[in-house]
Amino acid sequence: MTKAVLLRALTKKKLLTSNSHRSISITNLSRYITTLILAEHESGSIKPQTVSTVVAANHLGESSSVSLLLAGSGSSLQEAASQAASCHPSVSEVLVADSDIFEYPLAEPWAKLIDFVRQQRHYSHILASSSSFGKNILPRVAALLDVSPVTDVVKILGSNEFIRPIYAGNALCRVRYTGAGPCVLTIRTTSFPVTPITESKRATISQIDLSNFKEDSVSRSRYMGQSTQDTERPDLGSARVVITGGRAVKSVENFKMIEKLAEKLGGAVGATRAAVDAGYVPNDLQVGQTGKIVAPELYMAFGVSGAIQHLAGIKDSKVIVAVNKDADAPIFQVADYGLVGDLFEVIPELLEKLQEKK
């Protein structure tokens, strides 16, 4: 009898010890976070949304290391890598994949590159901004890793808990990631503003050995071309001031009023989906759930009704000013300042007043 009691006590103690070690192991694992961020760059410069993604990565945990992955070819890639090394103090390493394979941001080779790098370094989190670039590549990465991505994250509560909008931004959903593989996230960068950096720290730059990297023999997509508009106005996604026109602007010619006002205020031009569909402006100027998410200091909307899809793209703006003939337009419900009036009278008068101020 005594032997049986003693045996049960020893067995229980052994199980407790085993579980205790397992608990410690899991705790240590959750504290040690390694993050790989897919960096966007153009003409030798890192895009602001990449730095905002680095800021977001800092919320994953106290003890974490952040690596930036840059891919492309030529001298502009090396220039971007040099800038990336000092873009934020949290960046510990910059990984560079220099090859003609990555000359254009096609989802297939870029997703395979991320998987290739992950296999060598075993990252716990893989991040990219919720731009068209990141949203094109990271879902394919998640498919390759057989994990569920968490998209459009606006707040990070911990290494595996996140807040993301649903129902066109009308509700926020709390998501807990329980997958066994790396946590794949796309970040709404307007929710993670970059504060001025005072520290001068430079990360190490490492070239990725691509000798064992193999392309898919059959590519399902190919690069056709890229068209950009030559303009001195700031980029829509990062502009401090955004002037947007809706369908009520009525024509391409009339939209020049919006452009002129944006020029006076040093801002970017935006448009609603209805204005884009009507052919007034190209679709890269579309603001909203299916366009670009913006968070300027000043957002001015002329002839914009305020559909749910559009409001989802401007909700983080600091000050919203709306001008519309319809006093019951939904945009007045979110606007800080509203004016019921005809945009064809308001804009010329505003331009005249601005000219007098100068």
Side-chain angles (χ1 to χ4, degrees), residues 35-58 66-88 90-118 123 125-142 149 151-154 184-194 197 203 205-206 208 221 223 225-229 234-239 268 284-287 291-295 313:
T35 305
L36 178 66
I37 296 176
L38 180 61
E40 273 187 81
H41 61 93
E42 187 176 20
S43 302
S45 298
I46 293 293
K47 290 192 173 182
Q49 49 261 48
T50 294
V51 185
S52 293
T53 306
V54 174
V55 173
N58 289 333
V66 177
S67 299
L68 285 182
L69 174 60
L70 279 76
S73 63
S75 59
S76 64
L77 174 64
Q78 304 306 324
E79 291 173 12
S82 179
Q83 185 191 14
S86 56
C87 71
H88 197 279
S90 300
V91 178
S92 56
E93 185 180 23
V94 176
L95 305 175
V96 181
D98 192 344
S99 172
D100 291 339
I101 300 171
F102 311 112
E103 183 178 0
Y104 307 115
L106 295 176
E108 289 89 349
W110 284 58
K112 200 166 183 185
L113 171 66
I114 294 172
D115 186 31
F116 177 76
V117 172
R118 181 203 62 85
Y123 293 97
H125 293 73
I126 300 174
L127 276 63
S129 66
S130 287
S131 61
S132 56
F133 174 82
K135 289 188 289 188
N136 182 39
I137 298 170
L138 244 60
R140 190 175 183 87
V141 173
T151 59
D152 219 18
V153 172
V154 296
V184 177
L185 308 172
T186 62
I187 304 296
R188 181 178 286 192
T189 53
T190 55
S191 299
F192 298 92
V194 179
I197 299 169
I205 300 177
S206 305
I208 299 174
S221 63
Y223 181 79
Q226 179 178 347
S227 60
T228 57
Q229 287 190 321
D235 178 67
L236 178 58
S238 57
D284 59 335
L285 298 185
Q286 182 180 327
V287 174
K292 291 185 178 178
I293 308 296
V294 299

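Remember, predicted model here, so these are calculated numbers, not experimental data.
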What heavy-atom pair brings [X] and [Y] nearest, and what distance separates the two atoms?
X    : Y    : answer
A111 : I137 : N-CG2, 4.0 Å
S206 : E93  : OG-OE2, 3.2 Å
P109 : I101 : CB-CG2, 3.8 Å
A80  : S45  : CB-N, 4.2 Å
P105 : F133 : CB-CE1, 3.7 Å
A81  : I205 : O-CD1, 3.7 Å

With side chains defined as the heavy atoms from C-beta onward, is the minimum distance between [X] and [Y] less than 4.5 Å?
X    : Y    : value
I208 : F116 : yes
H41  : T50  : no
L95  : L36  : yes
D98  : Q78  : yes
F192 : N58  : no
L127 : V66  : no
L68  : C87  : yes

In a table with atom names and distances, give each donor-acceptor pair under 3.5 Å that connects a side chain of residues 69-76 to protein atoms at least two apart or in another chain.
none

Expected output: side-chain [X] to main-chain [Y] donor-acceptor under 3.5 Å:
X    : Y    : answer
T189 : T53  : no
W110 : L138 : no
T186 : D152 : yes
Q83  : I46  : yes
T190 : V294 : no

Just verifying a value: how many Å separate [X] [atom1] and [Y] [atom2], rounded to the nearest 0.5 Å?
X    : Y    : atom1 : atom2 : result
E79  : S43  : CD    : OG    : 9.0 Å
S129 : I293 : OG    : CD1   : 12.0 Å
L185 : S130 : CG    : OG    : 9.5 Å
H125 : I37  : NE2   : CD1   : 11.0 Å
L38  : I114 : CG    : CD1   : 4.5 Å
S52  : K47  : OG    : NZ    : 13.0 Å

Assess whether side-chain contact (heavy atoms from CB on, under 4.5 Å) is satisfied between T151 and K135, documenting all intermediate values. CA-CA 8 Å; T151 59; K135 289 188 289 188; over 6 Å; no
Can D115 and R118 be counted as an ion pair, charged N to O under 4.0 angstrom?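 Between R118 and D115 there is a salt bridge, with a charged N closer than 4.0 Å to a carboxylate O.
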